[in-house]
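Proteins get letters first, then strands, A, B, ... in listed order; numbering begins at 1 in each. Predicted model, so just to flag it, every value in this text is computed and none were measured.
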Amino acid sequence: MIDEGLKSELQKQGVYVTTLEDLYNWGRANSVWPLTFGLACCAIEMMAASMARFDLARFGAEVFRPSPRQADLMIVAGTVTKKMAPLVVRIYNQMPEPKYVIAMGACAISGGPFKQGYNVLKGVDRYLPVDVAIPGCPPRPEALIHAIMTLQEKILAQKLTGPDRPRHLNADVASEFPVPAYGPHDLEPPKNDAVWHPTVIKR
Amino acid sequence: MLGEQIIKGMAVTARNFFGSYFSKNRLTTVQYPEERLPQKGNTRQFPFLVYDGDDAEKGLRCVACQICEKECPPKCIYIVKSKDKKPDYKGQPQIYPLTFDIDISVCMSCQICVEVCPFESIKMNTEFELSTADRFGDLLLTKEKLAKPNSYYQKIHPADAAESDAVIAAEKAKAEAKAKAAAEAKVKADAEAKAKAAAAAAAAPIAPPPANPPTTT
Amino acid sequence: MNALATPPKNFEVKPKLAANGEELGELLEVSMGPHHPSTHGVFRMDVVLDGEKVVKLKPVFGYLHRNHEKIGENISYLANMPYTDRLDYFCSMTNNWAYALTIEKLAGLVVPERAEYIRAIMAELTRLQNHTCLIGFFVQDMGALGTPMMYAFREREKILDLFEEVSGARMMCNYMRFGGVRVDVNDEWIAKTKKVVADYSKFLDEFGTFLTENEIVLARTQFVGVLPKDLAINASITGPMLRAAGVNYDLRKVDKYGIYSRFNFQVPVGEHGDIYDRYMIRVLEMRESIKILEQALRDIPVGPVMDPKAKLRGFRPKAGEVYGRVEAPKGELGFYVISDGSPNPYRYRVRPPSFINLTILEDMCLGHNISDAVVILGSVDIVLGEVDR
Amino acid sequence: MTPLQVCLLVSAFLFAIGFAGAVTRRHAILVLIGIELMLNAANLNFIAFWRYGAHPEALTGIIFVLFSMALAGAEAAVGLALVIAIYRHKKTSNLDEVKELKG
Amino acid sequence: METLEQIKARLEAALPSAKIEVLANECAAGERSLLVDAASGFTVAKFLRDDAQLKLDYCSNVTGVDWPDKELTEKIKVKQVVDGVEKEVEEVKKNIRPGYLEVVYHLYSMGLKHGPVVLRLRTENRADKTHLPSLTPLWRGAEFQEREVYDLYGVIFYGHPDLRRILMWDEFVGFPMRRDYIAPDDFEYEPTPHDEVLVEAKKHYPAEPKAEVKP
Amino acid sequence: MFDQLDQIFVNALHWLVGFVPEVLRPLVTPLICISFILMVFPAFFSIITIFERKGIGRIQNRYGPNRVGIPFTKIRLAGFGQFLPDGLKMLTKEDIVPRAADKLVHFLAPVVMLIPVLLSYSVLPFGKNMTLADYDAGLLFFFAVGGAVEIAVFMAGWSSRNKYSLLGAMRAIAQMVSYEIPLILSAVSVVMIVGSLKLTDIIAHQNHYTFGIAHWHVFTPWGFIGFVLFFIASLAESNRTPFDLPEAESEIIAGYFTEYSGFKFALFFLGEYLGMFAIIGLGITLFLGGWTAPFSFLAWIPSWIWFFGKLTAIIFVFIWIRATLPRLRMDQLMNFAWKFMLPLALINILVAGIWHYMAADWQRWLVCGALIAGAYVLLGRGLMQNQKLGKRIYRYAE
Amino acid sequence: MQSSNPYLVLLLLAVAAVGFALTPLAAAWAWAHFFSPNKPGKDKNAIYECGLESKGDAWIHFRSEYYLYAIIFLVFDVETIFLLPFAVSFAGLPVGAFVAMVIFLLLLVEGLVWAWRKGFLNWK
Amino acid sequence: MTLALIITALVTVLAAATVMSLRNLVHCALAMAVAFSGVAALYLQLNAEFVGFAEILVYVGAIAILIVFAILLTRSGETPEKSVLTSGWLAGVAVSAMVFTLLGWAVLTSSALPKEIAIAPAAPVKNIGDALMSKFVLPLEIVGLVLTAAMIGAVIIALKEDKKDNSGGQP
């Protein structure tokens with residue numbers, strides 16, 4: 001729902017904004033530097049994706065930065081345990097905007113096969129906004145490349161201005177998510193309600 | 001001498017560098033979206049449901065026996081049995097799944113559901129390009145998304161599909177034979193009964209006991 | 001649950017005092033990991049540094065504790081098989097084997113000969129790819145840009161192709177079953193494997209020229225992280241680490257499980273117990289694995305691959321307990337199962353080699369540089385899926 | 001004002017600043033920095049007088065400054081080593097405290 | 001290697017105070033185990049390690065097992081005076097076997113290449129008397145494994161150099177591997193629930209909207 | 001004609017300056033040159049980063065970046081457009097300054113980093129008559145400003161207040177300090193023979209040919225070993241593998257710039273690479289004849305092409321080494337500098353003296369060569385045997 | 001390319017370097033100001049330490065080894081300011097001067113050898 | 001020419017004043033590097049090219065690093081002291097102000113100062129080398145001796161305790 005004033009404003013800026021937006025998105029999309037961040041099995045496939053056979057580098061995404069300050073993409077590759085979850089959130093918080101999250105593999109999406117466990121977080125999206133989820137246990141390296149391509153498409157479609165612009169362009173939306181604390185049995189809070197909106201499926 | 005082995009090591013990398021321009025073995029990259037690796041024999045990703053014929057609803061082999069649901073290690077299958085029955089490929093009335101959901105955000109691609117399925121109805125797909133931004137919408141595969149024709153199965157796993165087709169054909173043949181035998185027996189019995197009845201009607205007042213129908217296992 | 005059970009908190013760091021009671025440089029408490037490029041996952045070492053020298057090192061576990069054992073106790077014996085894949089996710093085949101072996105011991109199943117051969121082939125292929133990758137990783141920990149790892153993964157992909165061809169998955173094979181293996185291999189596959197194995201020695205030669213005598217590798221690894229023999233035994237160290245310390249203890253020779261007694265191979269043993277020995281033992285083990293593979297691929301008989309007595313569903317072994325172990329690439333991988341006659345194990349326990357091999361990490365690292373600590377950790381060869389389970 | 005005078009004034013100022021720092025600051029390292037500044041002031045004088053002096057071809061000023069730099073280096077090395085040594089003993093490099101502790 | 005009975009005999013000779021039992025094992029492998037009382041556990045273990053014939057210098061596996069209270073039913077014949085007449089009456093007696101925690105050690109010998117000897121220690125109960133001697137001073141390899149048993153089962157090993165939680169976080173309360181541990185409730189989104197999960201998941205379903213009366 | 005081509009930039013400069021009033025010429029001339037440097041070398045940096053990524057890719061049996069080309073088109077340029085999105089992204093990335101950091105120093109560090117680096121370009125001869133400022137003590141100037149980079153590194157590491165950063169900065173300073181000495185001493189031998197600190201003089205000394213082969217210093221025993229020393233020291237000075245301890249990823253995350261994000265991080269990157277180009281440029285000037293051709297029949301190729309060609313070639317060797325070798329440890333790094341390179345550099349000065357005093361015939365070659373080789377082997381062996389390093393034989397148990 | 005003041009180039013270069021560094025930083029700042037606002041936060045602006053909360057201060061008292069190398073470096077650095085003029089005029093000097101310089105070097109090397117022998121050059 | 005000289009002089013003086021007035025020692029060290037660079041620039045203005053570059057090499061490249069290390073090794077960089085000045089700081093400032101006034105007065109009024117000479121003298125490195133190796137050989141050797149002595153002395157002073165420890169306290 002764009003109000004009329006904004007619409008005309010946009011039309012005035014028109015070409016300028018579009019070009020800038022396209023250039024900006026193109027720049028971001030083609031330079032996605034992941035964080036060196038492997039959690040479990042999927043991390044091996046993530047490495048395999050950057051190895052000779054699959055070569056993530058072709059997309060300019062092989063620059064795995066060890067410091068979150070220089071990374072754009074957090075590939076949550078593997079099971080996020082409750083012991084690890086606060087750290088994951090903190091590392092994500094320490095990344096500069098714009099930042100993206102790929103939940104790689106069943107465990108990262110939903111806890112996967114280990115979701116029955118008492119120490120396993122049922123999906124990293126309980127605390128972080130996940131941009132792309134790759135099912136699979138572990139997903140093939142090609143699947144990760146496909147996910148990065150999906151992410152690129154998502155980035156390319158983002159708007160620079162307007163109400164539906166992404167989080168990092170909006171000053172009013174926080175780019176930090178509260179870090180859960182260790183509780184006596186579970187993390188506190190067990191989920192971040194600002195991020196986690198599951199659909200209800202009644203059985 | 002200091003540095004000798006370092007130079008040898010550098011020779012190895014140099015060989016790889018130049019080799020990458022000539023030898024396929026030295027440049028192993030498969031440029032994924034355009035090129036693809038040939039599919040390996042038994043490769044598997046996520047399960048799908050096989051149906052025969054053209055109609056997914058009608059030809060679905062699954063009879064909602066719920067074995068896979070029980071055996072699935074991460075418990076990612078959810079089945080609701082139907083109340084009514086529909087004929088299966090053997091023509092026998094069977095219940096069918098009203099709901100058959102697989103949560104591939106949980107599935108660990110272990111293939112145990114395939115192994116335990118007695119009806120050759122759940123098989124492993126090779127599709128892996130499933131990454132999505134919508135976790136809740138796209139990763140819970142419903143029956144409609146899961147159902148794939150047998151021809152698809154034959155395409156992705158020709159050997160296994162042939163095997164499973166043979167099993168089904170054998171069972172079908174068996175069932176047909178059984179049905180035929182039953183039908184024949186029935187006809188025969190009917191005929192016999194008729195004849196006997198006729199004979200009895202003609203000759204004796206007491207009818208003989210009817211012949212047992214042929215039993216199969 | 002009760003007052004007694006309140007756990008003590010982290011121990012205080014006591015600065016090491018000099019001989020004259022004077023403090024050295026101020027100690028720097030650094031946490032290496034869980035998000036650290038060289039801790040092989042989410043392992044964490046709380047390191048106390050004096051300058052760059054490690055004066056205290058406490059490993060912190062549990063960041064990948066995914067309750068493998070608890071899940072194993074809640075699901076059936078068969079359903080647990082794919083979970084074992086995810087223990088040491090480099091070596092799903094040997095994990096499968098160890099688990100299958102244990103349950104076979106428990107239930108008294110007999111594995112057909114062909115299946116035994118296939119298992120040995122798979123295990124040795126696993127060993128090859130695990131050791132190769134490990135060397136890649138640990139040279140990367142030493143600071144190489146990843147070229148050795150790329151070469152290692154290049155070869156690994158070939159072996160993974162073989163796995164995928166047979167079992168359907170690259171890493172999580174879920175291939176073995178109680179009483180045999182799930183799918184038989186065909187002749188085409190055996191021919192392919194023969195080729196991979198034949199090429200592997202060539203690759204190892206090249207890898208050797210690349211790394212084995214490289215001066216920097218020598219300088220970084222020799223006489224660093226020395227593990228004495230006695231300590232190694234006392235600390236239950238297993239696998240290549242133990243043999244590098246000079247102990248001749250290889251379960252393939254000691255337990256002679258499977259059909260290893262039929263193969264002609266040797267066990268390399270180190271002298272110094274330092275990182276270089278651990279590296280070289282692995283290289284030499286790979287050569288021996290190639291020997292085993294050649295013999296196995298040559299001798300593999302024809303026959304069934306499953307024990308006909310074995311049941312897939314409704315498997316309920318008799319009550320009792322058993323401990324089974326195999327020589328996984330990382331060391332002794334054991335499974336301890338107590339059955340109470342139900343379809344689920346009553347108690348299911350994994351004895352992970354890399355977890356126990358970490359016991360003496362601090363002993364090996366003390367007094368060394370922080371850079372060495374990273375390489376020492378790399379030479380232990382840990383996989384977090386197994387360490388934390 | 002001639003350039004020479006400018007240089008000499010700068011030199012005088014550097015000297016004064018260095019002196020003030022050396023005398024007024026508590027921290028040993030700052031005292032050393034002050035001394036270095038004073039040395040530099042002297043060097044600047046040498047160069048200025050070489051530049052505007054009578055016999056520039058003799059290069060005496062230049063050579064002297066070079067030697068002076070060498071000695072400044074030596075002084076800094078030893079002086080800072082002393083500061084470090086004192087710090088190790090007394091856990092402070094504050095001159096006042098060092099004095100107090102001595103007594 | 002000697003049989004467990006022989007070992008037991010020698011142990012009893014050497015350490016008269018130790019109470020040792022050989023536990024049977026019915027399964028195919030038939031690995032039996034030595035059950036030693038907690039008090040003499042350490043000395044027995046030391047004997048096993050240092051004895052020249054055994055030399056069990058390698059402690060491969062340490063693990064805990066939880067045996068909760070179990071209801072055992074047995075039928076016994078009781079003589080009862082019924083209506084003045086003594087009669088034998090069959091009665092079902094319910095015994096509660098008190099629960100305990102067990103720690104199992106698998107010992108091997110690296111020098112002599114034999115094993116395993118399975119050593120078991122039992123705690124008195126599962127609540128407050130969960131103390132056992134730590135064998136870490138004998139075998140360094142038990143260090144982390146005992147910590148793990150402590151963390152997951154709550155067995156307190158005295159003599160352990162660094163008994164802290166190892167896998168769970170420090171703030172954690174309870175022992176998750178015990179059979180009566182209840183996992184935290186996080187079943188908000190369960191598209192494929194079964195059994196207990198279904199029960200748990202249903203708690204999170206939104207309340208049924210009240211049936212609106214439609215005109 | 002070739003001369004024209006060779007001097008094309010010089011002539012262009014003169015032509016351009018011709019439009020400017022006489023008074024402003026002293027100001028405008030260097031400004032044009034500086035802007036030229038500021039255009040060429042950062043562009044060269046961007047190309048080199050792609051070159052490096054692709055080269056390493058090839059060494060590792062893969063392609064490396066090959067998709068990104070000109071924006072909004074399908075032209076891929078074999079991936080050589082990759083630096084554009086990288087730069088754009090870093091420019092638009094959020095800038096994070098840790099709360100506990102010393103904010104002023106944190107901000108200044110990347111800026112300070114560039115000053116000495118760019119200053120060192122002033123004395124480098126990029127081609128014939130293509131030197132910004134040809135000082136009498138040019139070489140000394142280069143070393144003097146080169147040493148100032150350490151301060152920027154220290155500022156970055158210290159101000160971040162991060163443990164890894166501080167460790168990285170300490171390592172960086174200790175390392176750069178240690179390798180600066182061999183760097184300078186290996187250059188001293190050249191200065192002794194040439195008799196000037198002027199870089200143009202040094203090139204002029206190498207710019208003549210015997211039998212069509214240039215008199216590059218690298219073709220003499222002292223020059224060869226000097227070049228080797230200089231090469232190793234320049235690897236260390238520019239923090240490249242195997243001396244990349246200050247940013248050792250596997251140990252201290254990203255070293256002294258762990259806490260830097262966005263374009264400040266890019267500036268460090270840029271600074272490091274520009275510093276590397278400068279130091280390689282100096283090495284080329286000192287030992288590889290600067291912009292001169294190796295063979296007289298190739299002398300027609302413009303001098304600046306030679307310079308950039310040699311620069312690229314050495315950078316390629318740097319990349320090659322980076323893709324091959326693991327990293328040294330701190331003590332080994334220090335040992336190597338102080339116990340191997342420094343003695344060897346000192347001996348090299350001696351050898352250069354002997355070379356000067358001996359008559360120019362084969363005996364001179366023999367004596368100097370033997371001295372150098374002997375010193376090299378002995379020192380190298382001492383370094384290895386001191387730590388009892390070497391090949392091992394393994395036994396097999398039955 | 002000589003100008004009236006040969007050192008003007010250095011000044012200009014230094015200024016250009018600062019400008020070259022500040023221009024993109026200013027552009028980045030402008031971008032952040034107009035489009036993508038900086039959003040500092042509690043965790044984001046905390047010190048990074050492998051995802052944990054940083055314990056203790058990084059600014060600590062380091063060991064003295066670093067200082068040792070700095071001293072030796074200083075001495076050799078100072079030495080080069082004598083060595084370089086010597087090297088420049090070396091060709092025209094008598095052998096005696098060469099010997100004198102060798103003695104000068106040997107004096108310094110003696111210090112180095114002393115440190116080496118005493119084991120100070122062993123990084124700990 | 002004079003303008004450039006004055007600007008450089010001002011920068012130097014300002015930096016020097018900053019050194020002595022900042023609270024944080026690391027900032028002081030950095031300002032000191034700027035001050036020394038300014039002095040080097042002054043040398044360059046005075047045609048003493050070699051000395052100017054040497055100043056940068058020695059002071060900015062080496063002594064500044066040394067001081068920075070010393071600051072870190074004595075843990076002085078982290079917090080500014082509570083009181084930066086000694087108790088007698090007023091006297092110190094007064095004395096130095098007096099010194100400056102006196103010197104400044106002398107400089108500005110003295111007639112003994114040589115006038116600017118027309119031809120700026122040059123000091124090519126070659127001449128410095130020649131002078132160094134002829135007239136100043138003996139001082140050179142003495143400086144070498146002093147440097148060695150300083151090095152040994154500084155090493156002993158700075159490292160004595162560590163040495164003792166390492167013989168006994170190996171872990």
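- Minimum heavy-atom separation, B/Arg26 to F/Asn61: O-OD1, 2.6 Å.
- Within 6.0 Å of the NZ atom in B/Lys172, the count of heavy atoms belonging to other residues, nucleotides or ligands does not exceed 12.
- Proximity to chain B (any heavy atom under 4.5 Å) is shown, for F/Ile56, by neither the backbone nor the side chain.
- Nearest approach of B/Ala14 to F/Trp320, heavy atoms of both residues: CB-CZ2, 3.5 Å.
- In summary, F/Arg381 and B/Glu4 do not engage in a salt bridge, as defined by a charged side-chain N under 4.0 Å from a carboxylate O.
- Few gaps surround NZ on B/Lys86; more than 12 heavy atoms of other groups in view lie less than 6.0 Å from it.
- Within a 6.0 Å sphere centred on NZ of F/Lys391, heavy atoms belonging to other residues, nucleotides or ligands number 12 at most.
- Within 6.0 Å of CZ on F/Phe224 lie no more than 12 heavy atoms contributed by other residues, nucleotides or ligands.
- By the neighbour-count criterion of 12 heavy atoms within 6.0 Å, atom CZ of F/Phe219 is densely surrounded, having more than that number from other residues, nucleotides or ligands.
- When all heavy atoms of F/Ile59 and B/Asn16 are compared, the pair lying nearest together is O-CB, 3.4 Å.
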Practice task
Step by step, work out the side-chain contact (heavy atoms from CB on, under 4.5 Å) result for B/Gln31 and F/Arg67.
Solution key: CA-CA 11 Å; B/Gln31 302 212 44; F/Arg67 271 168 198 267; 3.6 Å; yes
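- Partners of F/Arg58 by salt bridge (Lys or Arg N to Asp or Glu O under 4.0 Å), not counting sequence neighbours: none found.
- Around CG of B/Asp54, the count of heavy atoms belonging to other residues, nucleotides or ligands within 6.0 Å does not exceed 12.
- B/Tyr21 touches chain F through backbone and side chain together, each having a heavy atom under 4.5 Å away.
- To the nearest 0.5 Å, atom CD of residue F/Gln60 and atom OG1 of residue B/Thr29 are 10.0 Å apart.
- Heavy-atom distances place both the backbone and the side chain of F/Arg62 under 4.5 Å from chain B.
- No other option in F/Val377, F/Thr324, F/Asn66 has as many heavy-atom pairs under 4.5 Å with chain B as F/Thr324.
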